[in-house]
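One-based numbering along the sequence shown.
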Amino acid sequence: GRRGDGARFAVGELVGPRRNKSVFVFGAGEKFNNFGLDGDVYYHEYGHGVLDRIVPGMLEAVESVYPLAFHEGFGDISACSITGNSRLGEFASINKLSGKWEGRNLENKNRYPANVPAPVIKIPEPHYTGLIASGAWWDLQKQIGLQKAHQLLYQSLRLLPSEMNF
C-alpha cells in the first residue's frame, strides 16, 4: 500500500536480529482510514504473530507466494473468527475519496488456481491469494461450527513442512 496505509507484523528487520522479538506497525491512513483504529486490523496482525510462533520462518519464505498467502489468510481467519463476520477492515478499508469499502471478504468463491493472480495487477499478491484458504475456512466453519473449524485449522498447522518452499 501507500505510505501510511496498511498494517504490518514484523520480525527481525524492525526490531533487530533476534527472532523472538516482533513488532506491530499501523498506518495512520492516507488513501484509507487510520488502520490503528480498526479492531479487525489488530486481530489480523495478531494472527500473524500467533502463526509465526507456531510455524516460525513462514514469513521469510520467498520461493513462492503461497507461504505468505497462507499467512495472510490465517490473519484474516483470526480477525473474522473473533468479530464473527466475513468482512475485514470495515473501518480502515474505507477509501477516503470515494467512501467505498475496499477490504477483503472471506465470504467468497475464490479457488485455486484461477484466483491466485490478483485481478488488477494480474500477478499473485499474498493478501488476494490468501482469500482462497480463508474463504475455504469460512465455508468450513459455517458447516461444522467455529470451534471445530478452529481445531482442524490448528491441528493441521503441525502438518506443515519446516521448510516453506511450496
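- Using a 4.5 Å cut-off on side-chain heavy atoms (C-beta onward), His48 and Glu72 make contact.
- Taking OG of Ser78 as the reference point, atom CG of Leu51 lies at 8.0 Å (rounded to 0.5 Å).
- Nearest approach of Ala79 to Leu88, heavy atoms of both residues: CB-CD1, 3.2 Å.
- Connection of Leu106 to Tyr43 is not established within any shared hydrophobic cluster, with ILVMFWY side chains joined at heavy-atom distances below 4.5 Å, either directly or through further cluster members.
- Taking both residues in full, the closest heavy atoms of Tyr128 and Asn115 are given as CE2-O, 3.1 Å, listed atom of the first, atom of the second, then distance.
- One hydrophobic cluster holds both Leu59 and Val41 under the rule that ILVMFWY side chains link at heavy-atom gaps under 4.5 Å.
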Exercise for the section: For the pair Trp137 and Asp76, evaluate side-chain contact (heavy atoms from CB on, under 4.5 Å) and give the outcome as yes or no after the intermediate values. Expected result: CA-CA 10 Å; Trp137 183 88; Asp76 289 354; over 6 Å; no
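- Asn110 contributes atom CG, which lies 11.5 Å from atom CZ of Arg104 (distance to the nearest 0.5 angstrom).
- Contact check for Val50 versus Phe9: no side-chain heavy atoms found under the 4.5 Å cut-off.
- The cluster map of Ile, Leu, Val, Met, Phe, Trp and Tyr, joined by side-chain heavy atoms under 4.5 Å apart, puts Tyr46 and Leu157 in the same cluster.
- Proximity of a side-chain donor or acceptor of Ser156 to a complementary backbone N or O of Leu153 within less than 3.5 Å is detected.
- Counted by atom type alone, Glu90 and Trp101 present zero donor-acceptor pairs between their side chains at under 3.5 Å.
- Of the listed residues (Tyr42, Phe32, Phe35), just one forms a ring pair (Phe, Tyr, Trp, His ring centres under 6.0 Å) with Phe26, and that residue is Tyr42.
- The hydrophobic clustering, which links ILVMFWY residues whose side-chain heavy atoms are closer than 4.5 Å, places Phe70 and Trp138 together.
- Between the side chain of Asp5 and the main chain of Glu30, a donor-acceptor pair closer than 3.5 Å is present.
- The hydrophobic clustering, which links ILVMFWY residues whose side-chain heavy atoms are closer than 4.5 Å, places Leu146 and Tyr154 together.
- A pairwise comparison of heavy atoms in Leu131 and Asn108 identifies O-ND2, 3.4 Å as the closest pair.
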